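Reading through the structure tokens given below for one structure.
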Amino acid sequence: MSVPSLPGTLTSSNGWGTVLAPSSSAAIGSSPDSWLERAPLMLRDYATGWVPEPWRWLLNHLISIALILAVFGLLFAFLTLAERKILGRVQNRPGPNRTGWGGVLQPFADAIKMLTKEDIVPTAADHVLHFIAPVALLAFSILAFAVIPYGRYLVPVELDASVLYFFAAGAATELAVFMAGWASHNKYSLLAAMRALAQLISYELPLLLSWVPVVMLAGTLSTTRIVEAQAGYTGGWVPHWFVLTPWGFAGFVIFFVAALAESNRSPFDLPEAESELIAGHLTEYSGFKYALFFMAEYFGMTALSGMAVTLFLGGWHAPLPLLNVIPSYVWFAIKLLSLLVAFIWIRATLPRLRMDQLTRFAWKFLVPLALINLGTTAFWALSADWPGAMQLVRWLIATAIVIGPFVLLGRTLSAGIAPRTYRYAS
Amino acid sequence: MNVTPLQLCLLFSSALFCIGLAGALSRSNTILVLLGVELMLNAANLNFIAFWRFSPSPAASTGVIFVIFAIAVAAAEAAVGLALVIAIYRHQKNIRLQDATQLRG
Amino acid sequence: MIPLILIVLVTLATAVVAMSRRNLIHSVLLLIGTWAGIAAFYLWAGAEFVAFAQMLIYVGAVSMVVLFAVLLTRRSREDATLIPESLGRAFSAFIVAGLAFGLVAFAVLSTQLPARKGGASTISVQQIGTGLMGSHAAALLVIGLILTVALLGAVVIAATEPRESEEDAP
């Protein structure tokens, strides 16, 4: 009668995340029990009501897996379209608009093209590794979606150390990059894979250091409790999101830049740029495997954006208390989509960084700033109980500790390079 | 004879240790010897977690904390060992253990 | 018991194949599978934090160090394929390992070990944190020192070229 479950994981009786006590958020005027908030739970209960009691647990998890794959798969498809349209509009051209009603069927046309391309594998390549590399990359990228809280009651797996789980799943994706480069039996692919690996491990350090302050102040590694810690509004209208504090803003910026580099997005897209060593570690891949690599990159981008929303931008909380009528999962979606548009915007705007500029930026700029951010957060935590007027001093000191090293380090690192001058066409 | 879960875990960790031992003793490639040593360290960690899991008071976190320290030390040792491998390669152009005999006799 | 037996079989199988392959890269990748199996064992035992730390450190970092070392210590692609070992050496290694396993297995199976009945209990990250910073704070500082020294030492050893061999081709 008892369904085996992994001991140690907190699964409630119905498999989705635990129900949060309404008292914590009722005081701020939100509506945790409103019909819209509970609609996914009611749908889930209706669907699992069809099977007898011992199998409900399994059906719960299957539903959540299928939902995540469907939602984020469709999001990936339309994200590629959005990227091409936004890039096009920034570059003063329309973007794809031929395939049906302004281009909305373009992702499906791309999918059909990718599926029908010939899959060429070099004879001397290591066939097993060549096949496993994109599969492993995609598998680990999808694993990361399991701990992000998408709404008030919507977290697929609730773990005590969920932030650590997320970054452990992300660290394993680097292996797949190496496997792709090695298995191609092409010395240029191997060289490019080594460069891509160097980029990934350089930026892993600022990525991991930037959320340590969040864990320090929230006191927990669990994503649901970190989002809970950002509840509440000061003076009735300023939310308690971590990004609105000096150390949180610095942490968010460092996390965002490191996420750009970890998902090989411009301006850090040296591994996949067309003019760099043909296509880097993806040279010998064609057809669907190539599409799988890009799917994994977009999934990684989305997962990192989701984690940025959870850690810094308040998760599923609304910006103003009176906007709580809009359900929590809609707020999460709005924040996630704005971060993804920011990714695309940065790609359209900034030129690509060279390899030595990239590594110098990581090791000599981001890592010291992330470490200084730890000190800022420690100061913030220790001065939380200063009396009323001293709070302003606390904000000023924290802002000074954040801005001072940023300006000084920036000036030192760009010392030999002259200020940029522009020449415009007359 | 019936084997309790604790005995199964201990047999597992000792089997892993002996596989690592066999690998470290029989290969002549330095990197494979280092990998065997890493496997032995992991087997010891398994032992700690097995005893923590079946101990009368699992709220005592000493076993888990020791394993965290052991993982950190093993990673540091792997880094230093592989740096030494690179240095040896630079000197003798291959990484056969038997060729590193300059300090012998 | 069934998940435990599955984890044990998969981990031991990958470890055995990893130690016996002739292709060095395959060996390393199979060993990564062994480390993942060990992380699965930690999850079964209820030590979640250690399981994720094992994945992050071993699969995410130590594997990178090993792969970089493999690629930096070969002169051609064929160097990653090893010559077969002398049979006598392998045989004596098996004998020694087999004797060691036999001894430990005999000791384990003949001891009455007190075991707690019941399922696994999780240890929360909070408890690990208070333990690390409270009663084990000295060890934590020493570990930090060890890691710093190891990092600096590894960088110095691997980065300094010997003076006389300037004709090293990359």
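All figures in this text were calculated on a predicted structure; none of them were measured in a lab. The sequence lines fix the lettering, A, B, ..., with proteins before strands; numbering per chain opens at 1.
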Could you look at [X] and say if it's the side chain, the backbone, both or neither that has a heavy atom under 4.5 Å from chain B?
X       : value
C:Ser92 : neither
C:Val62 : side chain
C:Phe49 : side chain
C:Ile95 : neither
C:Leu31 : side chain

Contact winner vs chain B - [options], heavy-atom pairs under 4.5 Å:
options                              : result
C:Val16, C:Ile146, C:Val28, C:Thr130 : C:Val16
C:Ile38, C:Ile7, C:Val156            : C:Ile38
C:Val155, C:Leu140, C:Thr111         : C:Leu140
C:Val65, C:Val108, C:Leu151          : C:Val108
C:Ala18, C:Gly153, C:Ala158          : C:Ala158

**Request:** Could you check if a side-chain atom of B:Glu38 sits within less than 4.5 angstrom of a side-chain atom of C:Val66, using non-hydrogen atoms only?
**Result:**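 Result no, sub-4.5 Å side-chain heavy-atom pair not found.
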Do you know which of [options] has the most heavy-atom pairs with chain C at a distance under 4.5 angstrom?
options                            : result
B:Val67, B:Thr62, B:Ile49          : B:Ile49
B:Leu25, B:Leu21, B:Val85          : B:Leu25
B:Gly23, B:Ala75, B:Cys18, B:Ala74 : B:Cys18
B:Gly20, B:Ala79, B:Ala22, B:Ser13 : B:Ala22
B:Gly81, B:Ala87, B:Cys9, B:Ala78  : B:Cys9

**Asked** Does B:Ile86 have any side chain to side chain contact (heavy atoms under 4.5 Å, CB included) partners at least two apart in sequence or in another chain, and if so, which?
**Response**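 With neighbours one apart ignored, the set is B:Arg90, C:Leu72, C:Thr73.
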**Request:** State which residues pass side chain to side chain contact (heavy atoms under 4.5 Å, CB included) with C:Leu9; sequence neighbours excluded, sorted by chain then number.
**Result:**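 Applying side chain to side chain contact (heavy atoms under 4.5 Å, CB included) to C:Leu9 gives C:Ile5.
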Euclidean distance, [Y] [atom2] relative to [X] [atom1], rounded to 0.5 Å:
X        : Y        : atom1 : atom2 : result
B:Leu82  : C:Met64  : CG    : CE    : 13.0 Å
C:Leu4   : B:Leu8   : CG    : CG    : 4.5 Å
C:Trp44  : B:Arg53  : CH2   : CZ    : 4.5 Å
B:Leu32  : C:Ser27  : CG    : OG    : 4.5 Å
B:Ile71  : C:Ile143 : CD1   : CD1   : 11.0 Å
C:Ser135 : B:Ile65  : OG    : CD1   : 6.0 Å

**Asked** side-chain contact (heavy atoms from CB on, under 4.5 Å) between B:Leu39 and C:Met19: does it pass, once the steps are laid out?
**Response** CA-CA 10 Å; B:Leu39 204 52; C:Met19 286 289 134; 4.2 Å; yes
**Request:** Determine the minimum heavy-atom distance between B:Arg27 and C:Arg22, stating which atoms define it.
**Result:**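 So the minimum-distance heavy-atom pair works out to NH2-CA, 4.4 Å.
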**Request:** Return the minimal non-hydrogen interatomic distance between B:Ala15 and C:Leu12, and the atom names on each side.
**Result:**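 Result for this residue pair: CB-CD2, 3.9 Å.
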Are more than 12 heavy atoms, taken from residues, nucleotides or ligands other than [X], located less than 6.0 Å from that residue's [atom1] atom?
X        : atom1 : answer
C:Met133 : CE    : no
C:Phe68  : CZ    : yes
C:Gln126 : CD    : no

**Asked** How far apart are the C-alpha atoms of B:Ile19 and C:Thr34, what are their side-chain angles, what is the distance that settles it, and do they pass the side-chain contact (heavy atoms from CB on, under 4.5 Å) test?
**Response** CA-CA 12 Å; B:Ile19 292 173; C:Thr34 312; over 6 Å; no
**Item:** Engaged part of B:Val64 at the chain C interface, taking heavy atoms whose separation is under 4.5 Å
**Value:**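 It is both, since atoms from each part get that close.
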**Item:** B:Leu84 versus chain C, the contacting section by heavy-atom distance below 4.5 Å
**Value:**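 It is both, since atoms from each part get that close.
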**Request:** Measure up the B:Phe69 and C:His136 rings against each other and bin them: parallel (under 30°), tilted (30 to 60°), perpendicular (over 60°).
**Result:**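 B:Phe69 and C:His136: perpendicular rings.
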**Request:** Under 4.5 Å, heavy atom to heavy atom: which of residues 40-48 of chain B reach chain C? Give them by number, or say none.
**Result:**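 If one takes a 4.5 Å heavy-atom cut-off, the residues of residues 40-48 of chain B near chain C are B:Asn42, B:Asn45, B:Leu46.
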**Asked** Is there any residue in residues 98-107 of chain C with a non-hydrogen atom under 4.5 Å from a non-hydrogen atom of chain B, and which ones are they?
**Response**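 Hits under 4.5 Å: C:Ala100, C:Phe101, C:Val104, C:Ala105.
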